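For reference, the structure is listed below as structure tokens.
One is the number of the first residue; the rest follow in order along the sequence. Remember, it's a predicted structure, so these values are computed and weren't measured experimentally.
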Amino acid sequence: MKAQCHTVIKKKKQDRLMRQREAVRCRLKKLNGKQNELKSKSSAMRESIVKKYEEMRRVLEEDCKITLSLLEMEEMAAVRALDNLIEANCILLRDIEVQLNEGMMDSDIHTQKNSTLVEHDLIVDSGSTVLELLTATDPGLIKLDEAKSDQLLGLTNSLLLFIRSQIPIAKRLLKSYSSEVVLDPSTAHPKLIISSEGDCATFTDVWQDVPEHKGRFDTTLNVLSVQCWDSGRHYWEVDVSGKIYWELGLTYPSISRKCQKEDCWLGRHAESWCLEYFDGDYNAWHGGTAHPLPISTCLGIYCSFSGGLVTFLGVDSMTPLYSFCAGIFTDSLHLALCPGHDLQGTNSKPVKICRS
């Protein structure tokens with residue numbers, strides 16, 4: 001009886017494990033299918049975008065070709081007219097040279113009096129022809145349609161300004177995700193001064209008399225935003241110009257505030273992602289791993305909860321500097337800043353959040 005009971009229990013366990021195995025296999029199949037679907041959609045989107053840019057390139061190249069052809073036709077007509085005038089002047093010049101040569105030959109045969117009469121006649125006979133030709137071949141008479149050329153140049157410049165106003169497209173898209181953010185003085189290290197607007201963090205060597213509580217950093221020069229986000233897409237820009245040391249990024253609320261170790265530092269653990277400039281080096285940090293990269297003085301931070309993505313960008317060109325693919329965020333996120341120590345006046349400027 002006991003053996004039979006054991007067999008039943010074993011059979012039930014095996015059945016349960018088989019059902020669990022089937023459920024996991026089914027889920028893996030769906031996940032793989034979803035992954036292939038995402039790759040396929042992303043590939044199709046990239047292909048569509050490339051085609052659109054190629055089409056824009058073709059349209060601009062064709063427009064450029066048409067515009068240049070208009071100018072070339074006018075140039076050809078003007079050059080041909082000048083060729084004709086040059087040829088007429090050359091013919092008359094040859095005639096004058098012939099007459100001069102004939103006049104010199106006549107001077108050997110005739111008397112000085114007759115020679116003078118011949119030369120006089122030559123000048124009189126050819127003078128009116130030369131005057132007419134010089135009048136008819138005035139270079140100032142041949143002109144390009146400068147008004148139309150100026151109009152074409154103006155339209156071309158307007159088109160260029162319009163295109164520049166539309167790009168980079170990524171900047172327009174990311175700015176549409178701009179989120180209002182205010183720094184929270186109650187989280188700031190006592191040696192940080194937070195502006196009244198909540199958009200600047202500046203180091204001071206004076207330990208300020210501020211209330212002590214568990215949410216305040218007291219070992220690292222950090223400050224968090226009042227806001228935290230747990231869904232959607234968000235974008236911020238931060239100005240770090242004139243500074244030689246700073247950190248900025250995103251962090252879970254659970255980041256350590258009182259620890260003496262690197263647990264309080266941004267990017268040194270799994271709870272935060274940051275960009276850092278220190279000792280001439282730029283690095284993106286997460287999980288204690290540094291990723292060297294180039295940088296600019298105005299930085300963008302983009303966060304997508306649906307995509308599990310944190311991307312740091314150079315605002316000037318909107319070039320992605322580094323992206324962390326977190327997959328799934330396990331908590332809400334705060335914007336975090338560290339303006340760094342004063343470093344004997346070389347790092348006194350604030351880290352400033354750029355308002356849209």
Side-chain angles (χ1 to χ4, degrees), residues 1-54 169-170 172-179 181 224-225 227-236 249-256 262-263 266-275 283-291 293 300-313 318-336:
M1 189 67 168
K2 186 176 180 180
Q4 186 178 1
C5 183
H6 179 73
T7 301
V8 171
I9 293 173
K10 184 176 180 181
K11 179 68 168 58
K12 286 182 178 180
K13 182 178 180 180
Q14 287 178 334
D15 290 343
R16 185 175 70 254
L17 289 172
M18 290 176 68
R19 288 194 301 271
Q20 291 174 346
R21 182 180 65 182
E22 188 60 29
V24 173
R25 283 177 174 174
C26 183
R27 178 51 54 87
L28 280 173
K29 185 177 180 180
K30 289 183 178 180
L31 288 171
N32 286 326
K34 185 66 174 180
Q35 188 179 66
N36 292 332
E37 177 189 345
L38 289 175
K39 288 181 178 179
S40 177
K41 286 183 177 180
S42 180
S43 178
M45 180 61 70
R46 282 197 299 270
E47 185 177 343
S48 296
I49 290 173
V50 168
K51 285 182 178 178
K52 292 298 180 184
Y53 274 99
E54 288 176 349
I169 293 174
R172 296 179 66 204
L173 176 64
L174 290 173
K175 276 189 169 290
S176 70
Y177 301 135
S178 293
S179 298
V181 61
L224 304 184
S225 62
Q227 300 86 346
C228 63
W229 302 269
D230 58 9
S231 62
R233 296 178 176 87
H234 306 275
Y235 177 71
W236 309 272
L250 295 170
T251 182
Y252 292 146
S254 56
I255 185 173
S256 298
E262 293 186 359
D263 294 344
L266 299 177
R268 275 29 176 219
H269 39 72
E271 297 176 339
S272 62
W273 299 259
C274 95
L275 210 57
N283 290 284
W285 283 89
H286 176 64
T289 302
H291 306 272
L293 42 79
I301 307 172
Y302 171 64
C303 172
S304 170
F305 278 86
S306 59
L309 180 70
V310 175
T311 297
F312 297 101
L313 308 100
M318 295 310 290
T319 303
L321 302 171
Y322 200 86
S323 292
F324 291 104
C325 298
I328 298 176
F329 295 111
T330 60
D331 204 342
S332 56
L333 290 170
H334 287 275
L335 186 68

Is there a side-chain contact between Leu293 and Asn283, using heavy atoms and a 4.5 Å cut-off?
no
Under the side-chain hydrogen bond (donor to acceptor under 3.5 Å, both in side chains) definition, can you give me all pairs with a residue in residues 26-50, not counting sequence neighbours?
Glu37-Lys41, Ser42-Arg46, Glu47-Lys51
side-chain contact (heavy atoms from CB on, under 4.5 Å) evaluation trace for Cys274 with Arg268:
CA-CA 9 Å; Cys274 95; Arg268 275 29 176 219; 4.3 Å; yes
Roughly how far, to the nearest 0.5 Å, is the CD atom of Glu271 from the CG atom of Asp263?
8.0 Å
Taking only Lys NZ, Arg NE, NH1 and NH2, and the carboxylate oxygens of Asp or Glu, determine whether Asp15 and Arg19 approach each other closer than 4.0 Å.
no
Parallel, tilted or perpendicular: ring planes of Phe324 versus His291, cut at 30 and 60 degrees
perpendicular
For the side chain of His334 and the backbone of Thr251, is there at least one donor-acceptor N/O pair under 3.5 Å apart?
no
Tell me the closest heavy-atom pair linking Glu262 and His269, and the distance in Å.
O-CD2, 4.0 Å
Drop me the distance from Leu333's CG to Ile255's CD1, to the nearest 0.5 angstrom.
11.0 Å
Sub-4.5 Å side-chain heavy-atom contact between Tyr302 and Ser323:
no
Between Leu174 and Leu313, is there a side-chain heavy-atom distance shorter than 4.5 Å?
yes
Side chain His286, main chain Ser272, donor-acceptor under 3.5 Å:
yes
Does the pair Phe329 and Trp273 meet the rule for a ring pair (Phe, Tyr, Trp, His ring centres under 6.0 Å), with working shown?
CA-CA 12 Å; Phe329 295 111; Trp273 299 259; 5.5 Å; yes
Compare every heavy atom of Cys303 with every heavy atom of Trp236, then report the nearest pair and how far apart it is.
CZ3-CB, 4.2 Å
Counting only heavy atoms not in Leu17, do more than 12 sit closer than 6.0 Å to its CG atom?
yes
How would you list, by chain and number, every residue that makes a ring-ring contact (aromatic ring centres under 6.0 Å, His included) with Trp285, sequence neighbours excluded?
none
